[in-house]
Number of protein chains: 2
Amino acid sequence: MLSTTAEYALRMMIALAEAEGRPLTSEQLSRRTDVSPDYAVKILQQLGRAKFVRAQRGRGGGFRLACDPAKTTLLDLVRVIDPLDRINRCPLGRVEHEGRLCALHASIDRAIEVLHEQLHSYTLADLLEDERGTMCATDEESVQVSIERTGNGAVPRSN
Amino acid sequence: MLSTTAEYALRMMIALAEAEGRPLTSEQLSRRTDVSPDYAVKILQQLGRAKFVRAQRGRGGGFRLACDPAKTTLLDLVRVIDPLDRINRCPLGRVEHEGRLCALHASIDRAIEVLHEQLHSYTLADLLEDERGTMCATDEESVQVSIERTGNGAVPRSN
DNA sequence: GATAAAGGAGATTCATTTATCCGATTTCGC
DNA sequence: GCGAAATCGGATAAATGAATCTCCTTTATC
């Protein structure tokens with residue numbers, strides 16, 4: 001329903017929020033979020049143009065969060081990638097629907113509206129409150145551990 | 001948010017519901033719903049395989065509704081085209097998320113859930129109750145009229 | 001200043017969705 | 001049975017989204 005790119009963007013924003021201001025290189029972000037290195041850069045550039053991250057070039061650089069996680073909603077972030085626009089005008093341009101959408105488009109618009117409301121109800125900070133510390137944008141080490149232990153029945157913990 | 005194909009499918013289902021059991025040819029449906037003739041056929045075939053329409057081949061044939069408009073929801077129809085699946089398992093396959101999704105995927109899943117609920121709350125019959133009779137899947141004649149009158153400021157009525 | 005580490009951005013490839021084309025098949029009416 | 005009207009369905013083309021590649025610029029460190 002969300003594009004895969006939007007999900008990648010959310011994962012990387014979570015990883016950056018977890019880093020609490022320390023810069024992460026695109027390479028680190030790529031590994032932690034399972035997004036290919038080249039594509040991760042493209043998405044980070046989009047997030048940068050939208051002012052949700054800041055990039056520092058050169059040696060020792062990387063990407064840092066440029067927004068308040070408690071004030072940034074999933075809707076804000078998803079819309080950087082997917083327009084998710086409400087329907088304002090009749091998509092078929094029918095003049096008789098100029099003032100008011102027909103029942104079909106009104107109902108689709110209402111569906112988009114509730115989707116907006118739902119995505120708006122979560123902030124980036126909300127997603128960090130996972131008591132297990134195993135968000136789908138977690139650190140490299142714990143991912144390694146979980147892969148190594150796959151199949152032996154043990155439930156790995158990240159610490 | 002919905003694919004364009006899903007919207008086409010909804011338009012054609014409305015047109016068929018308005019026809020009240022009389023068969024419409026793919027050509028007629030195409031004109032009434034502004035979907036290209038060839039693509040309309042493809043979508044009607046998908047709706048046919050899902051048993052929402054029935055096709056009658058040969059001279060005098062066409063497509064007929066094969067479901068009860070009052071019992072068919074927008075969700076039922078949209079899902080013929082767009083899977084719109086809930087998230088059941090961790091998309092990254094992380095073993096530590098097997099029993100329960102992480103906060104990120106739980107929140108995305110919740111968004112899909114409310115979208116389901118919303119689309120489920122409308123039936124095909126609900127969309128026919130447009131008092132102006134100018135649904136975005138209306139008959140050829142009134143479309144012609146509305147095009148002819150474009151720009152003169154008058155709001156055309158279909159009767 | 002040289003070098004290495006980092007991001008920037010355009011071009012290209014690959015996959016999927018959207019749209020079109022065309023020959024085959026079914027069916028009605030004569 | 002023949003021809004016209006209709007759907008069926010495989011093949012193909014065009015457009016968009018996802019992913020990759022390559023070269024360029026910026027910057028810290030020495």
Side-chain angles (χ1 to χ4, degrees), chain A residues 1-12 15-16 19 22-66 78-85 91-92, chain B residues 1-12 15-16 19 22-66 78-85 91-92:
Chain A
M1 198 257 319
L2 301 186
S3 67
T4 67
T5 307
E7 194 189 307
Y8 294 165
L10 291 177
R11 282 190 220 159
M12 291 197 285
L16 282 170
R22 289 183 297 275
L24 295 177
T25 69
S26 62
E27 182 62 38
Q28 289 174 312
L29 280 164
S30 157
R31 277 203 302 269
R32 293 182 191 201
T33 58
D34 258 314
V35 177
S36 83
D38 290 303
Y39 203 46
V41 169
K42 286 279 179 275
I43 297 166
L44 287 164
Q45 284 171 1
Q46 292 186 68
L47 290 168
R49 282 191 288 271
K51 307 287 183 198
F52 288 109
V53 306
R54 248 177 319 111
Q56 175 63 46
R57 281 187 168 197
R59 193 169 172 162
F63 292 89
R64 270 197 219 82
L65 212 61
V78 167
R79 296 189 83 177
V80 172
I81 309 295
D82 298 336
L84 222 62
D85 288 330
L92 288 89
Chain B
M1 198 259 315
L2 300 187
S3 68
T4 67
T5 307
E7 188 180 318
Y8 293 165
L10 291 177
R11 283 190 218 158
M12 290 197 285
L16 282 171
R22 287 183 298 274
L24 295 177
T25 69
S26 63
E27 183 61 40
Q28 291 173 311
L29 280 164
S30 158
R31 277 202 301 270
R32 293 181 190 199
T33 58
D34 258 313
V35 177
S36 83
D38 289 302
Y39 201 48
V41 169
K42 287 282 179 271
I43 298 166
L44 287 164
Q45 284 172 0
Q46 290 186 69
L47 290 168
R49 283 191 287 272
K51 306 288 183 198
F52 288 110
V53 306
R54 249 177 319 113
Q56 175 64 46
R57 282 186 166 195
R59 192 170 172 164
F63 292 89
R64 270 197 220 83
L65 211 62
V78 167
R79 296 189 83 178
V80 172
I81 310 295
D82 298 336
L84 222 62
D85 288 330
L92 288 88

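To find a chain, count down the sequence lines: A is the first, B the second, and so on, and within it residues start at 1.
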(request) Summarise how protein sits on nucleotides 24-30 of chain D as a single string, 5' to 3': B when a protein heavy atom is under 4.0 Å from the base, S for sugar-phosphate-only contact, - for no contact. (result) -BBBS--
(message) Among residues 38-51 of chain A, which ones have heavy-atom contacts with DNA chain C below 4.0 Å?
(response)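 Contacts with DNA chain C under 4.0 Å: A:Lys42, A:Gln45, A:Arg49.
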With rounding to the nearest 0.5 angstrom, report the [atom1] to [atom2] distance, [X] to [Y].
X: A:Thr33; Y: A:Leu10; atom1: OG1; atom2: CG; result: 11.0 Å
X: B:Arg32; Y: B:Met12; atom1: CZ; atom2: CE; result: 13.0 Å
X: B:Arg64; Y: B:Leu16; atom1: CZ; atom2: CG; result: 10.5 Å

Among residues at least two apart in sequence or on other chains, which ones pass side-chain contact (heavy atoms from CB on, under 4.5 Å) with [X]?
X: B:Arg59; result: none
X: A:Arg57; result: none
X: B:Pro91; result: A:Glu7, B:Ile87, B:His105
X: B:Ala66; result: B:Arg54

(request) Specify the closest pair of heavy atoms between B:Ala40 and B:Ser30, including all atoms of both residues, with the distance to one decimal. (result)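 For B:Ala40 and B:Ser30, the tightest heavy-atom pair comes out as CB-CB, 4.2 Å.
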(request) Considering non-hydrogen atoms only, spot the tightest contact between A:Ala15 and A:Leu24 and give its length. (result)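 It is O-CD1, 3.8 Å.
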(message) Could you work out how much the helix from C:dG1-D:dC30 to C:dC30-D:dG1 bends, comparing the axis of its first five pairs with that of its last five, to 10°?
(response)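 So the angle between the two local helix axes works out to 0°.
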Without decimals, in angstroms, what is the distance between [X] [atom1] and [N] [atom2]?
X: A:Met12; N: D:dA18; atom1: CE; atom2: C1'; value: 13 Å
X: A:Leu2; N: D:dG17; atom1: CG; atom2: C1'; value: 15 Å
X: A:Asp34; N: D:dA18; atom1: CG; atom2: C1'; value: 16 Å

(message) Would you say B:Thr25 places a side-chain N or O within less than 4.0 Å of OP1 or OP2 belonging to D:dA6?
(response)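 The answer is no; no side-chain N or O of B:Thr25 sits under 4.0 Å from OP1 or OP2.
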(request) Return no unless some side-chain N or O of A:Thr4 is found under 4.0 Å from OP1 or OP2 of D:dA18. (result)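 So the side chain of A:Thr4 is within the cut-off, an N or O lying under 4.0 Å from OP1 or OP2 of D:dA18.
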(message) So, using side chain to side chain donor-acceptor pair (under 3.5 Å) as the criterion, who are the partners of A:Arg79 when residues are at least two apart?
(response)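 A:Arg79 satisfies side chain to side chain donor-acceptor pair (under 3.5 Å) with A:Asp85 only.
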(request) For A:Ser3, enumerate each residue passing the side chain to side chain donor-acceptor pair (under 3.5 Å) test, keeping only those at least two apart in sequence or located in another chain. (result)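 For A:Ser3, the residues satisfying side chain to side chain donor-acceptor pair (under 3.5 Å) (neighbours in sequence not counted) are A:Asp82.
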(request) Check each of A:Leu44, A:Val80, A:Leu65 against A:Phe52 using the side-chain contact (heavy atoms from CB on, under 4.5 Å) test, and report the only one that passes. (result)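 Result: among A:Leu44, A:Val80, A:Leu65, A:Val80 is the only option passing the side-chain contact (heavy atoms from CB on, under 4.5 Å) with A:Phe52.
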(message) Taking side-chain hydrogen bond (donor to acceptor under 3.5 Å, both in side chains) as the cut-off, I'd like each qualifying pair that reaches into residues 37-49 of chain A, sequence neighbours left out, listed once.
(response)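 Passing the test, one end in residues 37-49 of chain A: A:Thr5-A:Tyr39.
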(message) What is the first contacted nucleotide of DNA chain C and what is the last, in 5' to 3' order, if contact means an atom lying under 4.0 angstrom from a heavy atom of chain B?
(response)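 Nucleotide range in contact with chain B: C:dT18 to C:dC28.
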